[in-house]
Amino acid sequence: MHVERLHPWPTGVAEAEAIQDRLRVHVELTGPTTFTLVAGLDVHYHGDDSLTAAVVVLDGDTLAPVEQVVAHGRAAFPYVPGLFAFRELPALVEALERLAVTPDLLVCDGYGLAHPRGFGLACHLGVLTGLPAMGVGKTPFIGTHETPGPERGAWTPIVHEGATIGRALRTQRGVKPVYVSQGHRISLDTATDQALRLTSRYRLPDPIRHADHLARHPS
DNA sequence: GCGACAG
DNA sequence: ATCTTGTCGC
């Protein structure tokens, strides 16, 4: 698939933040509610700055893998909370461009709207691709939330400065919640629904699990 | 002012 | 993210 690349790459924190502020206005918070091809994205680091980005596309109904690609590269930015996306973006974009099919939804490991400037990795990838995108984080980041009930499907809002920016979602009974937020062209209700529907047996959605496995064990 | 801070 | 042993549970 084709991915828009429209930046001078940032050389420091101020430039990276300016890019986020500039692209943020393109984020759309509504979109489709069903998806035919769902892509999971993840990156694995191998010491130093080398990394492997993986994208696995699943059938939206059966969750069966349809296509998988990897791209090797190097972390493109130091790790700074809030600028995490700049580390992985080039390799993830490269992997997406190697895809023969075009997914309907990108499921990213990390955050989207629930970010210090409202523009996490999921928003960034969504805007660059033009595709619906959502983030699923494994640990809390921005905002506060109550602990959701123990049942699969229970959720509580993540609130920051008076606004709901995501949800803590219990994807399996008695298992730690995940943190869902909108990336691009998706509502919070739909993102929550997809996070749940894409999680068959474990804590994390299948697309992310497949991508994580592929990034760690490239064929 | 200080600490905390997606992966 | 990654460095690691043991332990619990299916």
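So that the names make sense, note that chain A is the first sequence line, chain B the second, and so on, each numbered from 1.
Using cut-offs of 30° and 60° for the angle between ring planes, the A:Tyr111 and A:Phe141 rings count as tilted. Between A:Phe77 and A:Phe86, the ring planes lie tilted relative to each other; the angle falls in the 30° to 60° range.
One finds no side-chain N or O of A:Tyr79 lying less than 4.0 angstrom from the OP1 or OP2 phosphate oxygen of C:dA1. Phosphate proximity of C:dT2 to A:Arg216: present, with a side-chain N or O under 4.0 Å from OP1 or OP2. At least one side-chain nitrogen or oxygen of A:Thr139 sits closer than 4.0 Å to the OP1 or OP2 atom of B:dG7.
In this structure, A:Lys138 atom NZ and B:dA6 atom P are separated by 11 Å, rounded to whole Å. As rounded to whole Å, 8 Å separates atom P of C:dA1 from atom CG of A:Asp212. Put simply, CG on A:Asp109 is 13 Å from P on B:dA6, counting in whole angstrom units. At whole-Å resolution of the value, NE2 in A:His46 and P in B:dG7 are 19 Å apart. Atom-to-atom, CZ of A:Phe77 to C1' of C:dA1 comes out at 17 Å; the value is rounded to the nearest Å. Between A:Phe86 atom CZ and B:dA6 atom C1' there is a gap of 14 Å when expressed in whole angstrom units. Residue A:Phe84 contributes atom CZ, which lies 9 Å from atom P of C:dA1 at whole-angstrom precision. Distance NE2 (A:His160) to P (B:dA6): 14 Å, rounded to an integer number of Å.
Residue contacts for A:Tyr111: at a heavy-atom cut-off of 4.0 Å it reaches a base atom on one of the strands shown. A:Leu51 comes within 4.0 angstrom of no nucleic acid atom, judged by non-hydrogen atoms across all strands. Within 4.0 Å (heavy atoms only), A:Gly82 reaches at least one base atom of the nucleic acid. Residue A:Pro140 is in sugar-phosphate contact alone, with no base atom involved, counting any heavy-atom pair closer than 4.0 Å across all strands shown. Looking at heavy-atom distances under 4.0 Å, A:Gly137 makes contact with sugar-phosphate atoms alone, never a base. Looking at heavy-atom distances under 4.0 Å, A:Leu92 makes no contact with the nucleic acid at all.
Of all nucleotides listed (C:dA1, B:dG7, B:dC5), C:dA1 comes nearest to the side chain of A:His44.
Smallest separation of non-hydrogen atoms from A:Ser219 and A:Gln68: OG-NE2, 4.1 Å. Nearest approach of A:Val3 to A:Glu97, heavy atoms of both residues: O-OE2, 3.4 Å.
Taking the nucleotide of DNA chain C with the nearest heavy atom to each of A:Arg201 and A:Val43, the more 5' of the two is matched to A:Val43.
In the hydrophobic clustering of ILVMFWY residues, with side-chain heavy atoms under 4.5 Å counting as a link, A:Leu96 and A:Phe35 come out apart.
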